[in-house]
A.B. asks: 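Here it is, the structure in full.
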Protein chains: 2
Amino acid sequence: MSISDAARASGLPAKTIRYYEEIGLIHPARDSNGYRSFSDADIHRLAFLNRARGLGFSIGDCRALLGLYDDQGRASEDVKRLASEHLTRIDARIAELQALRATVAGLVHACAGDGRPECPILDDLAEGPVRAHRAQPLT
Amino acid sequence: MSISDAARASGLPAKTIRYYEEIGLIHPARDSNGYRSFSDADIHRLAFLNRARGLGFSIGDCRALLGLYDDQGRASEDVKRLASEHLTRIDARIAELQALRATVAGLVHACAGDGRPECPILDDLAEGPVRAHRAQPLT
DNA sequence: CTTGACCTTCCAGTTACTGGAAGCCTCATA
DNA sequence: TATGAGGCTTCCAGTAACTGGAAGGTCAAG
């Protein structure tokens, strides 16, 4: 199976598949001409990665999850811990964003948004309280 | 005012202040020995940046906001549009995270989390539906 | 033989910093 | 006067997880 077939089958861009090989998440075989050749197991692994990434797990988490997936003697406890920690991070992030949202929504609401220069948003940014240490990028 | 004083007064790390100068957000004067010398206006600007970043505005947004702040003839409309778009992005991100949260919470709930290898979380990652195209990093 | 669609590797850029190295500047102290 | 402690400077590299693009090899069809 070529990389473009693997991309179709796994839902991941070919570029991403190459990247995942580079960082050691997959180890596809090579044909005599140097082209990557993906087995069903490789495709499976890529789909696994696509789903785990889609749930917001980091690459590091994905590596750990794949390790547990490969380990027939794993304890589900270990998997659950990873997922629970992830859930905690998601909740923290949602809370952070909701706090942000409340403040920004308040400012937007307070601003007339007409042709005049007076603007409570700028006033608040210029004189308002110092916020939390740092906001994470949204995307 | 030295950079460490500016850091104290604005709440930003000195490293960040140097970075903001590098990307043209501020233009502090220099003393004869080459040290940066921050005026009250510089400090004000840095505090503005700290607050805007704390609300999650991107550096690009901050640049635009500072431009409007400097422009006495601005229309509050323009400021409000920037803030509204930001609010929309925050809302979209919250919705995305809440969807993620629901799925991950369901998986965590379904997993016994004991010493046995059977794990619905791994089963789902291995066989489950393909998720949204890509999840943003949480932090 | 050439064209076009693949494939390969490698390099750079993205966001917004952060850490660290190497080297001045200034002041206080021994 | 030498020295040591901070503070300041610049520059380089690294972060997360890709993505875009250039230069070039491979292969089947016309």
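Letters A, B, ... mirror the listed sequences (proteins, then strands); counts begin at 1.
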A.B. asks: Which angle, rounded to 10°, do you find between the first-five-pair axis and the last-five-pair axis of the helix from C:dC1-D:dG30 to C:dA30-D:dT1?
C.D. replies: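 Roughly 40° between the end axes, to the nearest 10°.
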A.B. asks: Any donor-acceptor pair under 3.5 Å linking the side-chain atoms of A:H27 with those of A:Y20?
C.D. replies: no
A.B. asks: State plainly whether the residues B:R89 and B:D61 are in salt-bridge range, i.e. N to O under 4.0 Å.
C.D. replies: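 Yes.
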A.B. asks: For nucleotides 4-11 of chain D, read 5' to 3', which letter fits each nucleotide if B means a protein heavy atom sits under 4.0 Å from the base, S means only the sugar-phosphate is that close, and - means neither?
C.D. replies: ---BSBBB
A.B. asks: Between C1' on D:dA16 and CZ on A:R89, what's the gap in Å once rounded to a whole number?
C.D. replies: 14 Å
A.B. asks: Is B:Y19 reachable from B:I26 through a run of hydrophobic residues whose side-chain heavy atoms are each under 4.5 Å from the next?
C.D. replies: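 Hydrophobic grouping puts B:I26 with B:Y19.
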A.B. asks: Using atom CZ of B:R53 as one end and atom C1' of C:dT18 as the other, report the distance to the nearest whole Å.
C.D. replies: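 In whole Å, C:dT18 C1' lies 14 Å from B:R53 CZ.
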A.B. asks: Specify the closest pair of heavy atoms between B:Y69 and A:A126, including all atoms of both residues, with the distance to one decimal.
C.D. replies: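 Closest pair (atom of B:Y69, atom of A:A126, distance): OH-CB, 3.3 Å.
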A.B. asks: D:dA16 phosphate, OP1 or OP2: any side-chain N/O from A:S58 under 4.0 angstrom?
C.D. replies: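 False: A:S58 side-chain N/O out of range (4.0 Å or more) of D:dA16 OP1/OP2.
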A.B. asks: Round to a whole Å and report the spacing from CD1 of B:I23 to P of C:dG13.
C.D. replies: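 My rounded result for the distance is 17 Å.
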A.B. asks: What is the distance from CE of A:M1 to P of C:dC6, rounded to the nearest Å?
C.D. replies: 15 Å
A.B. asks: Please determine if a side-chain N or O atom of B:Y20 lies less than 4.0 Å away from the OP1 or OP2 oxygen of C:dA16.
C.D. replies: no
A.B. asks: Charged N to carboxylate O below 4.0 Å: is that the case for B:R45 and B:D42?
C.D. replies: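 No, B:R45 and B:D42 are not salt-bridged.
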A.B. asks: Between A:R30 and A:E21, is there a salt bridge with N-O shorter than 4.0 Å?
C.D. replies: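 A salt bridge is present here (some side-chain N lies under 4.0 Å from a carboxylate O).
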A.B. asks: Take the protein atom CD1 of B:I59 and the nucleotide atom P of C:dG13, then report the distance between them rounded to whole Å.
C.D. replies: 19 Å
A.B. asks: C:dA16 C1' sits how many Å from B:L49 CG, rounded?
C.D. replies: 13 Å
A.B. asks: Would one find more than 12 heavy atoms of other residues, nucleotides or ligands at under 6.0 Å from atom CG of B:D70?
C.D. replies: yes
A.B. asks: Is a side-chain donor-acceptor pair under 3.5 Å present for A:D91 with A:T88?
C.D. replies: no
A.B. asks: Whole angstroms only, please: what is the CD-P distance between B:E22 and C:dT15?
C.D. replies: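 Going from B:E22 (CD) to C:dT15 (P), I get 14 Å.
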A.B. asks: Under 4.0 Å between a Lys/Arg side-chain N and an Asp/Glu carboxylate O for A:R93 and A:E96?
C.D. replies: yes
